[in-house]
Amino acid sequence: MKWANIFLLLFVAQYGISQQAIRGKITDATTQNAISGATVQIKDSSKGTTTDDNGIFVLPPTPFPVELIISYIGYETQSLIIEAPVADLLQIALTPSVTLLEEIIVSSESEEITLSEFKEYSVKDFEIIDSQLIWIEYHGTFDADILTLSDLDGQALNNLDLKDINQIEGLFKSCNNQVYLLTKYWGYPITIEETALSLGQAISIDTLDAYIKPCKAQDQDWLYYVF
């Protein structure tokens with residue numbers, strides 16, 4: 001009986017070692033700033049999590065070895081194989097994508113314009129508004145994303161620093177041509193007055209999904225929805 005108990009204790013101890021939570025911090029390889037909202041997924045499983053405002057993530061206890069897939073918009077996806085439990089906080093640096101959007105082609109009634117390849121920064125998303133182009137860009141020397149407004153020749157007219165906006169996911173243009181800056185939880189209407197850019201009051205993603213995104217067309221003052 002005594003040996004059985006010892007064996008059981010050894011088994012439980014060994015099982016505890018082979019099943020341990022994984023903790024880490026994800027940063028920008030260029031700026032060393034923490035990346036909030038990065039996705040950490042255990043390969044070939046449904047287990048995963050995202051980083052907090054300090055770039056920290058915690059995965060539940062899992063058997064080793066394990067392969068992690070780390071991704072975030074504007075960065076190269078990275079895989080990391082962990083052979084055994086690690087007591088220290090894992091330090092993971094993501095490399096910004098060189099160019100997410102190499103070329104934008106704008107077609108109009110009179111001509112087709114091709115904006116030259118962007119090499120100094122990455123374009124995450126863009127929308128065309130009348131005769132202007134608005135895009136979210138990431139620049140390796142900046143600490144945050146930037147909202148840029150240009151004409152269709154690619155000449156920048158103005159930009160807005162988005163350093164106070166977290167977990168940016170992209171842009172959305174509604175049926176009445178209102179463009180929104182989308183984050184994980186909020187949508188911000190973008191106001192353009194001549195060449196000035198500003199963000200309006202935040203709208204929850206649930207409200208935007210329920211009342212703005214379903215709109216398919218506008219005719220004068222009437223908005224038409226499809227449900």
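No hydrogens, no waters, no symmetry mates; every other heavy atom, side chains included, goes into these values. Only a predicted model underlies this, so the values are computations on that prediction, with no experimental measurement involved.
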Exercise for the section: Answer whether the closest heavy-atom distance between the side chains of Leu147 and Leu171 falls below 4.5 Å. Expected result: yes
Exercise for the section: Mark yes or no for whether Lys47, through its side chain, and Leu59, through its backbone, hold a donor-acceptor pair below 3.5 Å. Expected result: no
Exercise for the section: Indicate, with yes or no, if Ile168 and Leu149 share a hydrophobic cluster defined by side-chain heavy-atom contacts under 4.5 Å among Ile, Leu, Val, Met, Phe, Trp and Tyr. Expected result: yes
Practice task
Would you indicate whether the side-chain heavy atoms of Tyr180 and Ile212 approach each other to under 4.5 Å?
Solution key: yes
Handout entry: N/O donor-acceptor pair under 3.5 Å between Asp52 side chain and Asn54 backbone
Key = yes
Practice task
Grab the two heavy atoms, one from Ala34 and one from Gly55, that are nearest each other, plus how far apart they are.
Solution key: CB-N, 3.8 Å
Handout entry: Distance in Å, Trp186 CH2 paired with Ile205 CD1, rounded so as to fall on 0.5 Å steps
Key = 9.5 Å
Practice task
For Ile203 and Pro189, work out which heavy atoms get closest and say how close.
Solution key: CD1-CD, 4.4 Å
Problem - Ser79 side-chain N/O to Leu68 backbone N/O, donor-acceptor pair under 3.5 Å - result: no
Problem - Set of ring pair (Phe, Tyr, Trp, His ring centres under 6.0 Å) partners for Tyr72, sequence neighbours left out - result: Tyr75
Problem - Heavy-atom closest contact (Pro85 atom, Phe64 atom, distance) - result: CG-CE1, 3.6 Å
Problem - Which atom of Ser36 lies closest to which atom of Asp53, heavy atoms considered - result: OG-OD1, 3.4 Å
Practice task
Indicate yes or no for a side-chain donor-acceptor contact from Gln167 to the backbone of Ala38 under 3.5 Å, with no hydrogens or angles considered.
Solution key: no
Exercise for the section: Find out whether Leu133 and Asp151 are in side-chain contact, i.e. whether some heavy atom of one side chain is under 4.5 Å from a heavy atom of the other. Expected result: no
Practice task
Please step through side chain to side chain contact (heavy atoms under 4.5 Å, CB included) for the pair Thr95 and Thr30, ending with a clear verdict.
Solution key: CA-CA 7 Å; Thr95 303; Thr30 303; 5.9 Å; no
Handout entry: Backbone N/O of Ser45 and side chain of Gln41: donor-acceptor pair under 3.5 Å
Key = yes
Practice task
May I have the step-by-step check of side chain to side chain contact (heavy atoms under 4.5 Å, CB included) for Thr62 and Ile22, ending in yes or no?
Solution key: CA-CA 8 Å; Thr62 184; Ile22 302 173; 3.7 Å; yes
Completion exercise
Output for pair (Ile70 CD1, Leu90 CG), nearest 0.5 Å, gives 9.0 Å
Exercise for the section: Just do the side-chain hydrogen bond (donor to acceptor under 3.5 Å, both in side chains) check on Thr148 and Glu137 with the steps written out, would you? Expected result: CA-CA 7 Å; Thr148 297; Glu137 70 181 62; 2.8 Å; yes
Problem - Phe57 side chain near Ile26 side chain, heavy-atom distance below 4.5 Å - result: yes
Handout entry: hydrophobic_cluster_shared for Tyr185 and Leu199, side chain cutoff 4.5 Å
Key = yes
Handout entry: Thr51 side chain to Ile35 backbone, donor-acceptor under 3.5 Å
Key = yes
Exercise for the section: Look up atom CD1 in Ile69 and atom CD in Gln78, then write down how far apart they are to the nearest 0.5 Å. Expected result: 9.5 Å
Handout entry: Approximate separation, where rounding is to 0.5 Å, of Asp206 CG and Tyr211 OH
Key = 10.5 Å
Problem - Exercise: identify the closest heavy-atom pair between Leu160 and Ser198 - result: CD2-CA, 4.2 Å
Practice task
Answer yes if Val58 and Val66 sit in the same cluster of Ile, Leu, Val, Met, Phe, Trp and Tyr residues linked by side chain heavy atoms under 4.5 Å apart, and no otherwise.
Solution key: no
Exercise for the section: Answer yes or no: is there a donor N or O on one side and an acceptor on the other, between the side chain of Asn158 and the main chain of Thr195, under 3.5 Å? Expected result: yes
Exercise for the section: Kindly check if the number of other-residue, nucleotide or ligand heavy atoms within 6.0 Å of NZ (Lys43) is above 12? Expected result: no
Handout entry: Atom pair CD (Glu76) and OG (Ser71), whose distance is rounded to the nearest 0.5 Å
Key = 11.5 Å
Practice task
Answer whether the closest heavy-atom distance between the side chains of Ile146 and Ile136 falls below 4.5 Å.
Solution key: no
Exercise for the section: Would you give the length of the straight line joining atom CD of Glu127 to atom OG of Ser174, rounded to the nearest 0.5 angstrom? Expected result: 10.0 Å
Practice task
Check the pair Thr183, Glu169 against side chain to side chain contact (heavy atoms under 4.5 Å, CB included), reporting the backbone distance first and the verdict last.
Solution key: CA-CA 5 Å; Thr183 71; Glu169 296 188 346; 5.7 Å; no
Exercise for the section: State yes or no: do Leu80 and Ile56 share one hydrophobic cluster built from I, L, V, M, F, W and Y residues joined by side-chain heavy-atom distances below 4.5 Å, directly or via other members? Expected result: no
Handout entry: 4.5 Å side-chain heavy-atom contact, Gln132 and Ile192
Key = yes
Handout entry: Gln91 atom CD: more than 12 heavy-atom contacts under 6.0 Å
Key = yes
Exercise for the section: Following the transitive rule for hydrophobic clusters with a side-chain heavy-atom cut-off under 4.5 Å over Ile, Leu, Val, Met, Phe, Trp and Tyr, establish whether Ile42 and Val40 coincide in one cluster. Expected result: yes
Exercise for the section: Starting from Ile81, walk the hydrophobic network (Ile, Leu, Val, Met, Phe, Trp, Tyr; side-chain heavy atoms closer than 4.5 Å) and list everyone else you reach, by chain and number. Expected result: none
Problem - Side-chain touch Asp28/Leu94, heavy atoms, less than 4.5 angstrom - result: no
Handout entry: Test: Lys213 cationic atom under 6.0 Å from Phe172 six-membered ring centre, within 45° of axis
Key = yes
Practice task
Answer yes or no: is there a donor N or O on one side and an acceptor on the other, between the side chain of Gln178 and the main chain of Ile190, under 3.5 Å?
Solution key: yes
Exercise for the section: Show your reasoning for whether side chain to side chain contact (heavy atoms under 4.5 Å, CB included) applies to Asp145 and Ile165. Expected result: CA-CA 9 Å; Asp145 294 327; Ile165 307 296; over 6 Å; no
